[in-house]
Student: 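My questions all concern the structure below.
All values derive from a computational prediction rather than experimental measurement.
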Amino acid sequence: MSGFGGFVLRRGIGTVITLLAISVIVYVVFFVTPGNVAQITCGPRCSPEQVHQVAQQLRLDDPLYLRYWHFLQGILVGQDYSTGTSVEHCSAPCLGLSYQGDQQVTQLILTKLPVSLSLVFGAMVLWLILGVGTGVLSAWRRGRFTERLLTGITLAGVATPVFVIGLVLMIVVCGQLQLLPFPQYVSLTDDPEQWAWNLLLPWLSLALIEAATFARLTRASMLETLAEDHIRTFRAYGVGERSIIGRHALRGAFAPIIALNANNVGSAVGGAVLTETLFGLPGIGQELVHAVNVVDLPVVVGMVLVIGFFVVIANAVADVLYAVADRRVVLA
């Protein structure tokens, strides 16, 4: 197939293959390890009977390819788990059973995911506005004091850890000025106003770090586009500088911005561990840290798979948007 439809189909097939490859790697890394896999999966507090039960559920006596197939089958169609006195069905997508909290991993993730998504997408809006706006202004004012000032600010933003910015914002904004309350997550469906009000500080903390990267990328892309021949032609015909910046140069700089934004959104779903921990947000990142601390292997595996899923899907969407922004990509 050719054209845009063929490109989307090929990208979709590639996404499925990538997700399968991630599942294979995750399974091998976590379940084909030296030592007692059943004991590691069940946790240090499990009795010998519980460890034996977990070993049967994981089918550790089966060949490796069969064990992986059952693992994949559980994700696609679900599977049953024996809890000792009864059998519990785990509906697809089944990511396993947490033996520490006696809870399905999928349900656990679904309770934490809205927090992480609220943090990431709210911060994304801010880092795009701040980052792209700063980059455009810096390129427009090239060689002037404004550019040097903005360049210094963005360099400081890239070099500053997120927990430092978060702590400073909490001390100044919440403590000294008392402009905002100390963040406490409120569900969007319960109270949209309090949801946004309590997440504003975490959004700013995460967005200021990412905005610095977007500002540098936007500035570099804008300067590269402004040096092209067609921009010189527009200027020779008397097209205004604002029109050149807004209608032509910025459009040419969109492609790398789309790619970077997709990668940041995908990785930030599970990678904003410091932000969630600092502000006490019960999201994916904080739950992953807790699962590692208590050696809850099914939860760790489920979290890693979900984070990998978001990264792959975000990059697939970015490729499609990239093709929409630049139709030459479809023919590649």
Student: Between S138 (side chain only) and T134 (backbone N and O only), is there a donor and an acceptor less than 3.5 Å apart?
Tutor: no

Student: Is any side-chain heavy atom of W127 closer than 4.5 Å to a side-chain heavy atom of T213?
Tutor: no

Student: Rounded to the nearest 0.5 Å, what's the gap from CG on L137 to CZ on R219? Could you check?
Tutor: 11.5 Å

Student: Any side-chain heavy atom of L95 sitting closer than 4.5 Å to one from L108?
Tutor: no

Student: Tell me whether W195 is reachable from L179 by hopping between hydrophobic residues (I, L, V, M, F, W, Y) whose side-chain heavy atoms are closer than 4.5 Å.
Tutor: yes

Student: If you define the side chain from C-beta out and look only at heavy atoms, does anything of L201 sit under 4.5 Å from C174?
Tutor: yes

Student: Would you mind reporting whether F310 and L113 have side-chain heavy atoms less than 4.5 Å apart?
Tutor: yes

Student: Do you know which two heavy atoms are closest between A123 and A207, and how far apart they sit?
Tutor: O-CB, 3.6 Å

Student: Take a 6.0 Å sphere around CD of Q184 and say whether it holds more than 12 heavy atoms from other residues, nucleotides or ligands.
Tutor: no

Student: Looking at CG of L180 and CG of L199, how far apart are the two atoms once the value is rounded to the nearest 0.5 Å?
Tutor: 11.0 Å

Student: Evaluate whether atom NE2 of H290 has more than 12 neighbouring non-hydrogen atoms of other residues, nucleotides or ligands under 6.0 angstrom away.
Tutor: no

Student: Search all heavy atoms of L297 against all heavy atoms of F30 and return the closest pair with its distance.
Tutor: CD1-CD2, 3.4 Å

Student: Might you point out which heavy atoms bring G285 and V273 nearest each other, and give the distance in Å?
Tutor: CA-CG2, 3.8 Å

Student: More than 12 foreign heavy atoms under 6.0 Å from CD of E224: is that the case here?
Tutor: no

Student: To the closest 0.5 Å, what do you measure between CG (L206) and OG1 (T275)?
Tutor: 4.5 Å

Student: Once rounded to the nearest 0.5 Å, what's the spacing between atom SG of C90 and atom CD of Q107?
Tutor: 7.5 Å

Student: Would you name the heavy atoms of S116 and E276 that are closest together and state the gap between them?
Tutor: OG-OE2, 2.8 Å

Student: For Y185, look at atom OH and say whether over 12 heavy atoms of other residues, nucleotides or ligands are found less than 6.0 Å away.
Tutor: yes

Student: Would you find a donor on one side and an acceptor on the other, under 3.5 Å apart, between the side chain of N198 and the backbone of Q194?
Tutor: yes

Student: Are side-chain heavy atoms of E287 and T111 found at a separation under 4.5 Å?
Tutor: no

Student: Any chance you could measure L274, atom CG, to T277, atom OG1, to the nearest 0.5 Å?
Tutor: 6.5 Å

Student: When you compare the side chain of V300 with that of L288, does any pair of heavy atoms fall below 4.5 Å?
Tutor: yes

Student: Can you name the nearest heavy-atom pair linking C94 to T106, along with the distance?
Tutor: CA-OG1, 3.8 Å

Student: Answer with yes or no whether the hydrophobic clustering places I171 together with V168; edges join I, L, V, M, F, W, Y residues whose side-chain heavy atoms lie under 4.5 Å apart.
Tutor: no

Student: When you compare the side chain of L305 with that of I75, does any pair of heavy atoms fall below 4.5 Å?
Tutor: yes

Student: How close do L72 and S23 get, heavy atom to heavy atom, and via which atoms?
Tutor: CD1-OG, 4.4 Å

Student: Going by side-chain contact (heavy atoms from CB on, under 4.5 Å), F309 matches just one of T18, V304, L19, T15. Which one?
Tutor: L19

Student: Can you say whether the rings of F71 and Y27 are parallel (under 30°), tilted (30 to 60°) or perpendicular (over 60°)?
Tutor: tilted

